[in-house]
Every structure is written in structure tokens, then in C-alpha cells.
Amino acid sequence: MKRILILGAGTAGTIMANKLRKSLDREDWEITIIDREKIHYYQPGLLFIPFGIYNKNDVIKPKSDFIPAGVNLIFQEISRIDATDNRVLLGNGKSLEYDFLVIATGAHLEPSETPGMLDKLWHKEIFDFYTLEGALALNEYFRDWPGGKLVMAITEMPFKCPVAPIEFVCLAEAFFTRKGMREKVDISLVTPLAGAFTKPVATRMLSDLLEEKNIHIVPDFYIEHIDNDNKKLVSYDEKEVPFDVLTIIPMNKGADFIGTCGLGDDMNFVPVNKNTLQHEEHKNIFAIGDGAALPTSKAGSVAHFSAEILFENIMSAIENRPLTAHFDGHSNCYIETGYGKGALIDFNYDTEPLPGTFPLPGIGPFGLLKNTKINHYGKLMFRWIYWHILLKGKQLPIEAEMSMAGKRVVNY
Ligand SMILES: Cc1cc2nc3c(=O)[nH]c(=O)nc-3n(C[C@H](O)[C@H](O)[C@H](O)COP(=O)(O)OP(=O)(O)OC[C@H]3O[C@@H](n4cnc5c(N)ncnc54)[C@H](O)[C@@H]3O)c2cc1C
């Protein structure tokens with residue numbers, strides 16, 4: 001009996017467990033998946049909680065509902081990988097051996113890395129919305145906030161779902177307009193980037209959109225500390241941004257045990273070949289999802305597309321064949337923009353988000369870098385697709401590889 005261990009039963013690990021179990025003979029292959037948490041969070045849904053669009057029950061389900069029969073599910077802390085002995089150590093002192101290891105332990109928040117973030121205002125006037133607790137606390141706070149300076153700040157790159165802060169400020173703008181108090185709320189997006197997004201064409205479209213909504217962008221701002229007494233962000237070059245309420249994306253890091261066992265980079269993300277997803281040093285170790293150090297977005301869509309490639313490559317590795325499936329960095333993200341509309345971006349390692357239609361040229365129905373109602377419905381539909389199709393490793397009618405069909409090449 002040979003063994004595959006999957007570390008992390010989030011988006012990527014769950015998809016891999018489903019795909020591998022369907023194809024590998026149960027007599028020959030034992031598959032085990034390990035996670036410390038029993039609840040699966042639909043993380044894209046956290047964005048909607050501060051504004052009362054979703055509640056807690058819309059974003060949580062038991063992890064066990066999505067792990068197929070024939071896969072051992074263990075709820076335990078993962079403490080260490082011993083890559084020379086092909087062994088993983090768990091928090092309860094037990095160890096598990098593997099023939100192949102899939103690391104899918106994602107990215108988590110490290111608010112303690114920024115001085116002042118966890119001081120007296122944390123979850124009182126400084127909030128994150130990347131955790132259920134943070135999103136719920138913000139929902140409570142917004143109920144009777146009289147208005148003032150609302151600052152949405154990004155601490156550091158990379159972080160999961162790079163469009164989420166843009167969506168947050170757009171939804172906040174619509175929320176306070178609906179409450180009849182928009183003129184009392186000054187909204188800013190503070191970012192270490194030079195603009196609203198990482199790539200020029202999308203940055204241009206998104207910056208124009210924010211300007212139309214009277215949302216200010218404060219670019220090139222690297223937060224050094226948060227001054228709780230005077231309620232302001234202070235940058236390394238001593239610029240300051242005052243706030244009444246601050247929503248923040250704390251530093252994102254890979255799992256601590258990745259760092260301590262020497263398999264990660266300085267942010268504890270796992271360096272893998274960006275096309276095959278195989279670890280640079282240990283050929284029976286692969287990494288997928290937010291926990292992998294890949295030069296594309298940390299996004300559920302990336303986990304989903306790359307799972308198809310990783311599945312093929314693991315099947316090849318098992319049969320001692322060369323790894324011929326290549327991940328191109330494909331990412332596809334709906335961007336909620338408020339008032340029942342949304343935008344969509346589709347890109348990969350080499351092609352930045354471009355305008356056009358998706359998935360069908362000229363037909364769509366979704367518009368790339370366009371603010372449309374149908375894109376908003378795409379985003380809402382995605383939750384159902386996530387729970388019922390994506391996590392279960394079923395096929396979606398979208399190719400893992402990015403297509404240029406429907407895209408219009410433009411330069412700014
Ligand atoms: C607010 C928000 C909005 C988002 N919106 C979108 C969107 O619109 N579109 C999109 O494509 N993506 C979006 N994302 C990103 C998407 O949710 C993630 O990219 C995706 O879930 C990553 O999957 P993963 O499997 O790599 O990590 P996760 O799903 O986070 O899973 C990692 C798992 O590893 C476990 N784990 C970690 N360390 C240990 C340990 N030491 N021991 C045991 N278990 C451990 C964790 O408990 C977790 O279950 C959003 C994310 C957020 C936070």
C-alpha cells in the first residue's frame with residue numbers, strides 16, 4: 001500500500017483529495033488529509049458580511065462534508081515535515097509516512113507583525129475582514145457608526161485575493177449611500193502598490209472606477225506602525241494617514257511549520273516549480289494554493305485551475321513518467337463593485353488582465369474589465385458552484401489554461 005498525504009483541507013487540499021481518490025485504486029493507494037480546523041470557510045463570502053449581505057451561516061460548512069469516502073480525514077495540528085525521512089509529525093506526537101506529499105496549508109494573517117495593529121483598537125476601531133470574527137465585528141460596528149474617515153489599508157504583498165480591498169471600498173461606498181450618509185463618510189484605499197492593482201491595464205480601469213465613486217487611493221504607502229492614540233497610519237518614510245475606522249489586510253504568511261522545517265521562503269511560502277508545482281529540492285513533494293510561492297494571485301480560482309495540472313503531474317510521478325502538465329498561472333476573479341454590478345479579470349503569468357468578453361468571444365456573457373450586472377450574478381453564483389462543484393473536484397466548463405479568445409490587447 002502506497003501513501004499520499006495532503007496537508008490542509010481548505011480549497012486546494014479538498015479538491016486534490018476528491019480528484020485523486022476518484023482515480024487511484026483503493027487497494028493500492030491510501031490517501032490521508034490533515035487539517036486542524038473542522039469548519040470549511042467560504043472565504044470569498046467574508047467580504048459580504050460587514051455589509052449584512054451574507055451572515056455567518058452563508059460561509060461555513062463542515063469540512064467532513066467535502067472529503068470523499070475512502071480518504072482518511074485527520075483533525076490535528078501539523079507540526080513538522082521531515083522531508084529526508086518522508087514523514088509528517090502531528091501535534092499529538094504521532095507521525096505519518098508518505099510516498100507523495102501535497103502541501104496545501106494556505107496563507108494566514110499575522111497582525112502581530114505590524115506594530116500597533118493588535119493594540120487597544122483591535123476589533124474596536126481597527127478590523128480585518130479576512131477572518132469570520134473580524135468580518136462579524138465590523139458588521140456590528142457599522143450598524144451605528146455615525147461616519148467619518150474610513151480607511152482600507154493593505155500592509156504588504158502578497159496577500160490572498162488582491163482585489164478584495166477594492167471590492168471592500170466599493171461595497172462600503174454603496175452601503176453608506178444606501179444608508180443615506182455617504183456625504184458623512186470619507187473613503188480611502190491605502191496601498192503599498194503604485195495604484196489600485198498590480199497590472200497596468202486593470203489598474204487604469206479600477207482607478208477610474210474608484211475615482212468615479214469618490215474613493216481616494218493613497219499609493220506607495222508602506223505601513224511602519226499604527227498609532228492607536230492618535231488614530232493614524234504611519235509609513236516608513238514618515239507619511240501619515242488619519243482614520244476614524246481602519247479596515248486592514250494584515251501581513252499574509254504561509255504555515256509556521258513550513259518555515260521551521262526549512263521548506264519555505266522568508267514568508268513561509270513553499271518554493272515550487274511554477275509550471276509543474278513540484279518542490280525545487282524534494283521531488284515527491286508538491287505545493288498548491290495560497291501556500292505555494294507562485295508569481296500569480298493567491299486565489300481560489302488559481303487553486304482550482306492548478307489542481308487539474310497537479311492531478312496530472314502526480315499521476316505521472318506515480319508512474320515514473322516526466323511531468324508534462326504545465327500550469328500557466330491562470331487566475332479568474334470577479335470584482336464586486338456595488339449597486340448590483342461587478343467586473344471580471346482573467347489573466348496568467350504572462351498575460352495581464354485585458355478587456356473583452358468571457359468565456360465566449362463577442363458573446364460573453366461576462367465582460368472583462370467591464371462593470372456589468374451579469375458579472376455580479378457570476379460572483380453570487382460562484383458560492384453555489386464552490387460548494388457543489390469546485391470543492392468536489394468536478395469538472396467546470398472553463399479550461400485550466402487561460403485562453404486569449406475574447407480578449408482585446410490594449411496598451412496604456
Ligand atoms: C475575504 C476574501 C475574499 C476572497 N475572494 C476570492 C474571490 O473572489 N475569488 C477567488 O478566487 N479567491 C478569493 N479568495 C481567496 C481564496 O479563498 C483562497 O485563495 C483559497 O481559499 C486558497 O485555498 P488554499 O487551499 O490554498 O488555502 P485555505 O483554503 O486557506 O486552506 C488552508 C488549510 O490549511 C489548514 N492549515 C494551515 N496550517 C495548518 C497546520 N499547521 N495544521 C493543520 N492545518 C493547517 C487551515 O486550517 C486551512 O483549512 C478570497 C479570500 C478572502 C480571505
Side-chain angles (χ1 to χ4, degrees), residues 1-21 24 26-43 59-113 130-133 160 252-265 267-272 279 281-282 284-293 303 307 310 314 391-393:
M1 192 79 154
K2 292 208 168 191
R3 282 167 280 215
I4 296 182
L5 279 191
I6 302 173
L7 307 185
T11 313
T14 303
I15 298 174
M16 286 310 298
N18 278 286
K19 283 187 176 296
L20 290 167
R21 187 66 292 166
L24 291 173
R26 291 190 194 193
E27 304 282 298
D28 299 332
W29 285 93
E30 182 182 72
I31 303 175
T32 302
I33 189 163
I34 307 154
D35 204 296
R36 60 177 162 217
E37 274 249 23
K38 290 193 171 166
I39 293 174
H40 190 116
Y41 296 92
Y42 173 60
Q43 297 178 49
V59 300
I60 58 170
K61 286 193 193 284
K63 280 199 161 104
S64 54
D65 284 3
F66 302 95
I67 305 302
V71 170
N72 308 318
L73 171 60
I74 298 178
F75 289 116
Q76 263 299 322
E77 181 76 27
I78 301 154
S79 328
R80 203 154 70 84
I81 300 170
D82 186 347
T84 36
D85 282 345
N86 296 330
R87 188 186 292 274
V88 169
L89 272 87
L90 303 184
N92 60 2
K94 293 202 168 141
S95 75
L96 298 170
E97 290 181 3
Y98 61 84
D99 294 283
F100 289 98
L101 183 70
V102 177
I103 303 175
T105 36
H108 67 278
L109 308 182
E110 285 282 2
S112 60
E113 294 273 353
Y130 271 38
T131 59
L132 184 58
E133 304 74 57
K160 44 188 165 184
N252 279 212
K253 282 180 95 173
D256 297 338
F257 74 88
I258 299 287
T260 48
C261 66
L263 284 178
D265 61 15
M267 304 282 280
N268 299 342
F269 295 123
V270 185
V272 283
H279 193 269
E281 269 176 59
H282 303 279
N284 60 344
I285 299 183
F286 296 83
I288 182 168
D290 293 351
L310 182 55
I314 289 181
L391 284 184
K392 294 182 175 169

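No experiment lies behind these values; they were computed from the predicted model shown.
Considering only residues two or more places apart in sequence or on other chains, His108 meets the ring-ring contact (aromatic ring centres under 6.0 Å, His included) condition with none of them. Take Glu27 and apply the side chain to side chain contact (heavy atoms under 4.5 Å, CB included) test, not counting sequence neighbours, and it matches Asp25. The side chain to side chain contact (heavy atoms under 4.5 Å, CB included) search around Ile39 returns Glu37, Tyr41, Ile60, not counting sequence neighbours. Residues passing the side chain to side chain contact (heavy atoms under 4.5 Å, CB included) test with Ser64, sequence neighbours excluded: Pro62, Leu73. Looking at residues two or more places apart in sequence or on another chain, you find a side-chain hydrogen bond (donor to acceptor under 3.5 Å, both in side chains) between Asn86 and Asn284. Applying the side-chain hydrogen bond (donor to acceptor under 3.5 Å, both in side chains) criterion to Asn72, with sequence neighbours excluded, gives Thr32. Residues passing the side chain to side chain contact (heavy atoms under 4.5 Å, CB included) test with Ala307 are Ile15, Met16, Lys19, Ile288, sequence neighbours excluded. Lys63 is linked by a salt bridge (Lys or Arg N to Asp or Glu O under 4.0 Å) to Asp35, counting only residues two or more places apart in sequence or in another chain.
Of all heavy-atom pairs between Asn252 and Lys160, the closest is OD1-N, 3.0 Å. Counting all heavy atoms, side chain and backbone alike, Ile67 lies closest to Ala9 at CD1-CB, 4.4 Å.
Counting only residues at least two apart or on different chains, the salt bridge (Lys or Arg N to Asp or Glu O under 4.0 Å) pairs with a member in residues 252-262 are Glu113-Lys253. The stretch residues 94-107 participates, sequence neighbours left out, in these side-chain hydrogen bond (donor to acceptor under 3.5 Å, both in side chains) pairs: Arg87-Ser95, Arg87-Glu97. A salt bridge (Lys or Arg N to Asp or Glu O under 4.0 Å) check over residues 67-86, counting only residues at least two apart or in different chains, returns the pairs Arg36-Glu77.
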Can you list the steps and then say if Trp29 with Met1 is a side chain to side chain contact (heavy atoms under 4.5 Å, CB included)?
CA-CA 6 Å; Trp29 285 93; Met1 192 79 154; over 6 Å; no

Are His282 and Leu263 close enough, and set up right, to give a side chain to side chain contact (heavy atoms under 4.5 Å, CB included), and what steps lead you there?
CA-CA 9 Å; His282 303 279; Leu263 284 178; 3.6 Å; yes

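A distance-only check finds a donor-acceptor pair linking the side chain of Arg21 to the backbone of Leu24 [under 3.5 Å]. In terms of modelled atom types and a separation under 3.5 Å, the side chain of Thr14 and the main chain of Thr11 share no donor-acceptor contact.
Val102 places none of its side-chain heavy atoms less than 4.5 Å from the side chain of Leu7. Between Leu391 and Asn18 the shortest side-chain heavy-atom distance does not fall below 4.5 Å.
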